[in-house]
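Beneath this line is the structure, given in structure tokens, with notes to follow.
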Amino acid sequence: MSDWKEALLAAHGGGSKYKLLVTAIATDIERGELRDGQRLPTQRLLAEQLDISVQTVTNAYKELERQGWVRCEVGRGSFVSRRISERVATSMLDRGEHSLLDFSTVRIVRNERHDRYWRQACEELAAEHEQPWIHACRPIAGFEHHREAGAQWLAELGLKVAPRDLLLTNGASQAIFLALASLAGPDDLVLCESCTDHGVIGTAQVLGFKLQGLEADHDGLDPEHFEDICANERVTALVCTPNLNNPTSSLMPDGRRREIAEIARRYGVYVIEDDVYGPLLGAARAAPPLSHYLPELSFYCTSLTKSVLTGLRLGYLVMPRRLALRTESIFRVNSWMTAPLLGEIATRWIERGRASELVGLQRELIAGRQAAVTAELGDYLRGSHPASLSAWLNVPEHWELDALQHELRARGIALTLPDPFLPPGSQRPRAMRLCIGAECSDQRLRTGLASIRDVFEQYPEIHAFRGAR
């Protein structure tokens, strides 16, 4: 804080005090001197300590929140909030570390058949004289036959829907964003699981709504906690992943889905259901989608990215009819339309059964890799499923999370810490996510899993030791 006061002395030269304070605080966050989640001094206390006006501090905190350095919670204070871009920046680059065994990114287990089918699709499309999918600029919701194929796909997942209630999106992430943008704005309260997709957390920062995590167990979010909050606060929406939650792999049983739907209906809470992993369950599907029990208040989101082909970024969004025009108008502003070329490929694959074939192939490949994970790391499994693209691992008590990630990275292995999945206020679990879709041979996969087990079983260097001194 002494550095902040020194920085403000420069204001005598004509600089804006609040801008100088913003720079000083952001610099300390960037250097790691202020930790993620650390509470900042109250505006009045900081004003007294720096001998400046409360309004100057208020302006600085607002600007830090706008830039993503800080989150301000009514009644609780202001907290350091490491920006989402810093958490995911490495995965957004168009180049990878080829020597790295990357267990940190959720993607399908790809093999030669995926590549062959994609090449065949491209060759087929290139040979056709009429190509409306490359010249089209409308309709916004997607070609009619693309929406009809989408309705056919959703019917196989247990959700019957009319094509007119379906919107094609650029992946499930955009579908979830559109649903949230249709419902929530500044000061609205949105609930989610205690571990949720990092895209939902980022959307909260963009749209300005308050995000709060619900207690959860191996069956998903806790209905009692959900109802307790609904009874005491004005809740706008619930975002949840009943099928194979990322990162916990929890699978919500039918009875709990019905219970959640009934609570949402009683309190008028919209439900945004992320079912991107639903196609992977097949015969292991526990129940119809939660949206099946709450069609008038549900947004249902899924895609082909996590079940058919990673680069086939085509999503399907089912909207409550009363909000369809609003959601479509936001989509028009956000990205105008979904790429029709991907819609055409997805439609042909759905109609010809190729999409279902690739999902079946994916289930086999995932089951094989999950068996390898269980064989090598079974003692550390916190959450897993034979159809899940990831496993949730308990971290041994003698390891600090960050030190463990660093040691694994030094051995050429990347796993994900829990931080990107934690909404504000959620307790950090002693767990790491392992994604099984790493592009490697089965032999290298097993070698990598054995290396992880070896690191888990070792004690760290003394400066990283978590045990007694």
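The figures that follow rest on heavy atoms only: side chains count, while hydrogens, waters and symmetry mates do not.
Among all heavy-atom pairs drawn from Ile350 and Ala149, the shortest one is CG2-O, 3.8 Å. Here the shortest heavy-atom pairing between Ala391 and Val373 reads CB-CG1, 4.1 Å. Here the shortest heavy-atom pairing between Val70 and Ser78 reads CG1-CB, 3.9 Å. Summarising the geometry of Ser194 relative to Ser426, their closest heavy-atom pair is O-OG, 3.6 Å, with the distance given to 0.1 Å. Taking both residues in full, the closest heavy atoms of Cys230 and Val269 are given as SG-CG2, 3.9 Å, listed atom of the first, atom of the second, then distance. Contact record, Leu211 with Pro424: O-CD, 3.7 Å, taken as the closest heavy-atom pair.
In terms of modelled atom types and a separation under 3.5 Å, the side chain of Thr302 and the main chain of Asp275 share a donor-acceptor contact. A distance-only check finds no donor-acceptor pair linking the side chain of Thr241 to the backbone of Asn243 [under 3.5 Å]. Judged by distance alone, the side chain of Thr416 and the main-chain N or O of Ser104 form a donor-acceptor pair under 3.5 Å. A donor-acceptor pair under 3.5 Å links the side-chain atoms of Trp399 to the main chain of Val455, judged by distance alone. Checking side-chain atoms of Arg256 against main-chain N and O of Leu221 turns up a donor-acceptor pair under 3.5 Å. Ser388 places no side-chain N or O within 3.5 Å of a backbone atom of Ser384 that could act as its donor or acceptor partner. In this structure a side-chain-to-backbone donor-acceptor pair under 3.5 Å is present from Arg147 to Leu166. A donor-acceptor contact shorter than 3.5 Å is absent between the side chain of Ser390 and the backbone of Cys435. Checking side-chain atoms of Glu273 against main-chain N and O of Ser291 turns up a donor-acceptor pair under 3.5 Å. Put simply, the side chain of Asn232 gets close to the backbone of Asp228: a donor and an acceptor are under 3.5 Å apart.
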| What do the steps show when you test Met252 against Glu259 for side chain to side chain contact (heavy atoms under 4.5 Å, CB included), and what is the final call? | CA-CA 11 Å; Met252 187 182 292; Glu259 193 173 356; over 6 Å; no
| request: Start with the C-alpha distance between Thr305 and Arg313, add both sets of side-chain angles, then the distance that settles side chain to side chain contact (heavy atoms under 4.5 Å, CB included), and finish with yes or no. | output: CA-CA 5 Å; Thr305 308; Arg313 290 203 59 79; 3.7 Å; yes
| task | Verify salt bridge (Lys or Arg N to Asp or Glu O under 4.0 Å) between Arg107 and Asp102, making sure each step is shown before the conclusion. | result | CA-CA 11 Å; Arg107 55 189 160 203; Asp102 187 6; 3.6 Å; yes
| said: Walk me through whether Thr203 and Val190 qualify under side chain to side chain contact (heavy atoms under 4.5 Å, CB included). | reply: CA-CA 11 Å; Thr203 299; Val190 175; over 6 Å; no
| Could you walk me through whether Thr248 and Glu193 pass the side chain to side chain contact (heavy atoms under 4.5 Å, CB included) check? | CA-CA 10 Å; Thr248 67; Glu193 289 119 330; over 6 Å; no
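To the nearest 0.5 Å, atoms NE2 (His225) and CD1 (Ile263) are separated by 11.5 Å. One finds the CD1 atom of Ile229 at 7.0 Å from the CG atom of Leu189 (value rounded to the nearest 0.5 Å). Atom CG of Leu434 is separated from atom CD of Glu376 by 11.5 Å, given to the nearest 0.5 angstrom. Summarising the geometry, atom CG belonging to Asp274 is positioned 10.5 Å from atom CG belonging to Leu244; distances are rounded to the nearest 0.5 Å. Separation of atoms CG (Leu294) and OH (Tyr300) is listed at 14.5 Å; rounding is to 0.5 Å. With rounding to the nearest 0.5 angstrom, the CG atom of Leu445 is 12.5 Å from the CD atom of Glu439.
Using modelled atom types and a 3.5 Å distance limit, the side chains of Asn394 and Arg382 yield a donor-acceptor pair. The closest side-chain donor-acceptor pair between Asp254 and Tyr293 falls under 3.5 angstrom.
Using a 4.0 Å cut-off between a side-chain N of Lys or Arg and a carboxylate O of Asp or Glu, Arg352 and Glu357 do not qualify as a salt bridge.
In this structure, Arg348 forms a cation-pi arrangement with Trp133, its terminal cationic atom sitting closer than 6.0 Å to the ring centre and no more than 45° off the ring axis. For the pair Arg433 and Phe421, the cation-pi test (distance below 6.0 Å, angle within 45°) is failed.
Leu168 is not listed as a side-chain neighbour of Phe143, based on a closest heavy-atom distance of 4.5 Å or more. The shortest distance between side-chain heavy atoms of Asn334 and Phe177 falls below 4.5 Å. Within the 4.5 Å cutoff, the side chain of Ile176 has no heavy atoms near those of the Asp197 side chain. Side-chain contact check for Tyr316 versus Val318: every heavy-atom pair is 4.5 Å or farther apart. At a threshold of 4.5 Å between non-hydrogen side-chain atoms, the residues Tyr61 and Leu40 count as touching. Side chains of His406 and Arg409 form no contact here, defined as non-hydrogen atoms less than 4.5 Å apart. Between Val271 and Cys240 there is a side-chain heavy-atom pair separated by less than 4.5 Å. Within the 4.5 Å cutoff, the side chain of Leu309 has no heavy atoms near those of the Leu304 side chain.
For Glu112, the CD atom sits in a packed shell: over 12 heavy atoms of surrounding residues, nucleotides or ligands are nearer than 6.0 Å. The number of heavy-atom neighbours closer than 6.0 Å to CD of Glu262, taken from other residues, nucleotides and ligands shown, is above 12.
Using cut-offs of 30° and 60° on the angle between ring planes, the pair Tyr270 and Phe299 is tilted.
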